[in-house]
*Asks:* 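My structure is below; once you've seen it, I'll send some questions.
Letters A, B, ... are given to chains in the order of the sequence lines, protein chains preceding strands, and every chain is numbered from 1.
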Amino acid sequence: MVATKLILTFMKNFSTLKQAKQIHAQIITNDLTRLEPLFIHRILLCDITNHKTISPYILSILHHLRDPDSFSWGCVIRFFSQKGQFIEAVSLYIQMRKVGLCPNSHAVSSVLKSCAKVEDDLCGVSVHGDVQKIGFSRCVYVQTALLDLYCKNGDVLTARKVFDEMAERNVVSWNSLLVGYIKGGNLDEARCFFDEIPKKDVISWNSMVSGYAKGGKMEQACYLFRQMPERSIVSWNTMISGYVDCGSIRLAREFFDVMPKRNSVSLITMIAGYSKSGEVDSAREIFDRMDDKDLWSYNAMIACYAQNSKPKEALDLFNGMLKPEIGLHPDKMTLGSVISACSQLGNLDQWLWIETHMNDYGVVLDDHLTTALIDLYAKCGSIDKACELFHGLRKRDVVAYSAMIYGCGVNGKVSDAVDLFEQMVGECIDPNLATYTGILTAYNHAGLVEEGYRSFNSMKDNGLAPSVDHYGIMVDLLGRAGWLDEAYKLIMNMPMQPNAGVWGALLLACRLHGNVKLGEIAAQHCIKLESETAGYYSLLSGIYATIGKWNDAKKLTTGVEGKKIIKIPGCSWTQLE
DNA sequence: TTAGGGTTAG
């Protein structure tokens, strides 16, 4: 009975890893093999929030059983599957099969769900083989999990076949296939299927509304939403998210304001929406309203700052999140935004500090984070480290190549940038706008006008229309090389309004080459667009000074002092603080 | 066993 008591303690009383370790040690020393299996199963089925830390103990308990049967294995597999540890669930299933045990329906339906999540077609197919061999044809749970797996793998035809052959179906079977049709992109077909569902529940309705919302068909989504016999928080959140995705933050807010009950998803969706539309203050207002701020809320707000050029605020919030009174651990999402913020500030130190805590956070660098780091290291001048990370990537995509090309460009390694560009095209990866920003920057830094021009003109061959930033780089490149008239002509032929960056590049070039006529034109535009920037006045005054127009030069300088215009410090990739 | 929220390059 001592052991029984210990197990009950294990189930109810641990909230820290230390406690779990102590209780586990007691269970092991009391020889668990003599316990009734029922108690073991109760441990596994109990709801433990701190599941990651107890996983090793669950495995240890399984291995301490003298002769674990298929029920024990099934419980453990279900535990891992329910707690989101899908790879572990699949690997346990494989172990169980190796031991020669026949899985029960719990084990099979759980492992099918896990297969769907780990996106391994092969393991799903082999479990399907088991299903047919062992014979679960009448088990609605197993059959539904199977059809869901095929839906998630994008094979709706096979899913339909499973559905048609099912001896018994419930609403989950219908919903699973409905989502399969929706994910397949054919909304009309999905709608016909939805209309056929004999007893729709709120999930059927939500799925269909979400299908319309994700497909950008908000009118249909709204029409269906109004017809719903009952609505859950998810229904409202789906509508909000749909409006956010199509850029209608005002309509999203209307739904948000009238919904009967809100949860953290509602708030996070609004934060992301405001972030997308650049309304950082409104996002912060929502964030401050949240009572229980979890990791997702912090991630949304930190991402909002990072995406809206407020890197300092992003890092402040990140550091606040780590304080003991909040005590949250960052995950991959957090670090992605934090690295982006570091990169914008040229602050490598903050990252180097984070790196020493990676083991505590339990975050492993994936390709996504590594790509962000390539950008960070390259911008901070550590091009060799960036290169090392780039070569360690499992798969190099257009983002990784673009970051690396840009990194080579700003570090004066033009031939490396060109090689990478060609290598990328050789791997059949299409360059995008950012790739061209990188390669044009490289040509610009090296002063290679003709090569730059050729590359700029080749953008349209790849179906890309240069953005205002690409024009800015070209004007800079032409201007620095002294081709001022060509640069001016390029500006005049731009399909969009030139911004202060474009005119500023021309102004700088005029200062370098002492061209008063174009310099005055450029300065006029710059001042019109950004009158508070002092740099333009001093550039123009510099042009006057080089040709001896001292009075004009002086007038401008005193004008600046009189107006108290802000001087923007020279831009550099080193930290601005 | 099914539905709603986030991350990388410029």
*Asks:* Round to the nearest Å and state the distance from Leu373(A) atom CG to dT8(B) atom C1'.
*Replies:* 10 Å

*Asks:* Out of dT1(B), dT7(B), dA9(B), which has the shortest distance to the side chain of Asn432(A)?
*Replies:* dA9(B)

*Asks:* Only one of Phe163(A), Phe194(A), Phe193(A) forms a ring-ring contact (aromatic ring centres under 6.0 Å, His included) with Tyr181(A), so which one is it?
*Replies:* Phe193(A)

*Asks:* Given atom CG of Leu295(A) and atom C1' of dT7(B), what is their separation to the nearest angstrom?
*Replies:* 12 Å

*Asks:* Is the centre of the Tyr436(A) ring less than 6.0 Å from the centre of the Tyr406(A) ring?
*Replies:*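 Distance test on ring centres: not under 6.0 Å, no.
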
*Asks:* Considering every strand and a 4.0 Å limit on heavy-atom distances, what is the contact class for Ala303(A): base, sugar-phosphate, or nothing?
*Replies:* sugar-phosphate

*Asks:* Under 4.0 Å from OP1 or OP2 of dG4(B): is there any side-chain N or O of Ser241(A) that close?
*Replies:* no

*Asks:* Round to the nearest Å and state the distance from Asp245(A) atom CG to dG4(B) atom C1'.
*Replies:*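 Atom CG in Asp245(A) sits about 11 Å away from atom C1' in dG4(B).
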
*Asks:* What's the closest nucleotide to the Lys152(A) side chain, out of dT2(B), dG4(B), dA9(B)?
*Replies:* dT2(B)

*Asks:* Using a cut-off of less than 4.0 Å, is there contact between a side-chain N or O of Lys214(A) and OP1 or OP2 of dG4(B)?
*Replies:*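 True: Lys214(A) side-chain N/O within range (under 4.0 Å) of dG4(B) OP1/OP2.
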
*Asks:* With heavy atoms under 4.0 Å as the rule, sort Thr334(A) into base, sugar-phosphate or nothing.
*Replies:* nothing

*Asks:* Ignoring hydrogens and angles, answer whether the base of dA9(B) and the side-chain atoms of Asp375(A) contain a donor-acceptor pair closer than 3.5 Å.
*Replies:* no

*Asks:* Check every strand shown and say whether Leu369(A) touches a base, only sugar-phosphate, or nothing at a heavy-atom separation below 4.0 Å.
*Replies:* nothing

*Asks:* Answer yes or no: does a side-chain N or O of Ser340(A) lie under 4.0 Å from OP1 or OP2 of dA9(B)?
*Replies:*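 Ser340(A) to dA9(B) OP1/OP2: side-chain N or O found under 4.0 Å.
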
*Asks:* With a non-hydrogen cut-off below 4.0 angstrom, is Asp397(A) in contact with a base, only sugar-phosphate, or nothing?
*Replies:* nothing

*Asks:* Asp331(A) near the nucleic acid: base, sugar-phosphate alone, or nothing, with a heavy-atom cut-off under 4.0 Å?
*Replies:*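 If one applies the 4.0 Å heavy-atom cut-off, Asp331(A) turns out to touch a base.
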
*Asks:* Between the main-chain N or O of Ala442(A) and the side-chain N or O of His445(A), is there a donor-acceptor pair closer than 3.5 Å?
*Replies:*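 Between the backbone of Ala442(A) and the side chain of His445(A) there is no qualifying donor-acceptor contact (under 3.5 Å).
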
*Asks:* Could you state the CD-P distance from Gln344(A) to dA9(B), rounded to the nearest angstrom?
*Replies:* 7 Å

*Asks:* Which nucleotide in the list dT1(B), dT7(B), dA3(B) gets nearest to the side chain of Ile203(A)?
*Replies:*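 So the nucleotide nearest the side chain must be dA3(B).
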
*Asks:* Output yes when Arg250(A) and Glu279(A) qualify as a salt bridge under the 4.0 Å nitrogen-oxygen rule, no when they do not.
*Replies:*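 Yes.
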
*Asks:* Lys276(A) near the nucleic acid: base, sugar-phosphate alone, or nothing, with a heavy-atom cut-off under 4.0 Å?
*Replies:* nothing

*Asks:* Quick one: label Leu433(A) by what it contacts on the DNA or RNA (base, sugar-phosphate, nothing), any heavy atom closer than 4.0 Å.
*Replies:*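 Answer is base: heavy atoms of Leu433(A) come under 4.0 Å of a base.
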
*Asks:* For the side chain of Asn263(A) and the base of dG4(B), is some donor closer than 3.5 Å to an acceptor across the two?
*Replies:*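 Indeed, a donor on one side and an acceptor on the other fall under 3.5 Å apart.
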
*Asks:* Are dG5(B) and Trp296(A) stacked, with the base six-membered ring and the side-chain ring centres under 5.5 Å apart and planes under 30°?
*Replies:* yes

*Asks:* Report the nucleotide, chosen from dA9(B), dT8(B), dT1(B), that has the shortest atom-to-atom distance to any side-chain atom of Ser402(A).
*Replies:*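 Closest nucleotide among those given: dA9(B).
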
*Asks:* Hey, does Thr437(A) reach any base, or is it just sugar-phosphate, or nothing, if we go heavy atoms under 4.0 Å?
*Replies:* sugar-phosphate

*Asks:* Could you tell me whether the side chain of Ser248(A) and the main chain of Val244(A) form a donor-acceptor pair under 3.5 Å?
*Replies:*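 Not confirmed, Ser248(A) side chain does not pair with Val244(A) backbone.
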
*Asks:* Of the candidate nucleotides dG4(B), dT7(B), dA9(B), which contains the atom at the shortest distance from the side chain of Val234(A)?
*Replies:* dG4(B)

*Asks:* From C-beta outward on Ser232(A), which listed nucleotide comes closest to its side chain: dA3(B), dG4(B), dT2(B)?
*Replies:*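 Between dA3(B), dG4(B), dT2(B), the one nearest the side chain of Ser232(A) would be dA3(B).
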
*Asks:* In whole angstrom, what separates Met333(A)'s CE from dG5(B)'s P?
*Replies:* 13 Å

*Asks:* What is the ring orientation for Phe287(A) with Tyr298(A), classed by angle as parallel under 30°, tilted 30 to 60°, or perpendicular over 60°?
*Replies:*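 Rings of Phe287(A) and Tyr298(A): perpendicular, as their planes differ by over 60°.
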
*Asks:* Nearest to the side chain of Asn237(A) - dA3(B), dT1(B), dG4(B)?
*Replies:*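 So the nucleotide nearest the side chain must be dG4(B).
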
*Asks:* Within the 3.5 Å criterion, strictly below it, is a donor on Thr334(A) or Asp331(A) matched to an acceptor on the partner's side chain?
*Replies:* yes

*Asks:* When we call it a touch if two heavy atoms are under 4.0 Å apart, what does Thr371(A) touch: a base, just sugar-phosphate, or nothing?
*Replies:*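 Answer is base: heavy atoms of Thr371(A) come under 4.0 Å of a base.
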
*Asks:* Among dA9(B), dT1(B), dA3(B), which nucleotide has an atom closest to any side-chain atom of Ala434(A)?
*Replies:*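 Nearest to the side chain of Ala434(A) among the choices is dA9(B).
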
*Asks:* Among the candidates dT7(B), dG4(B), dT2(B), find the nucleotide nearest to the side-chain atoms of Val265(A).
*Replies:* dG4(B)

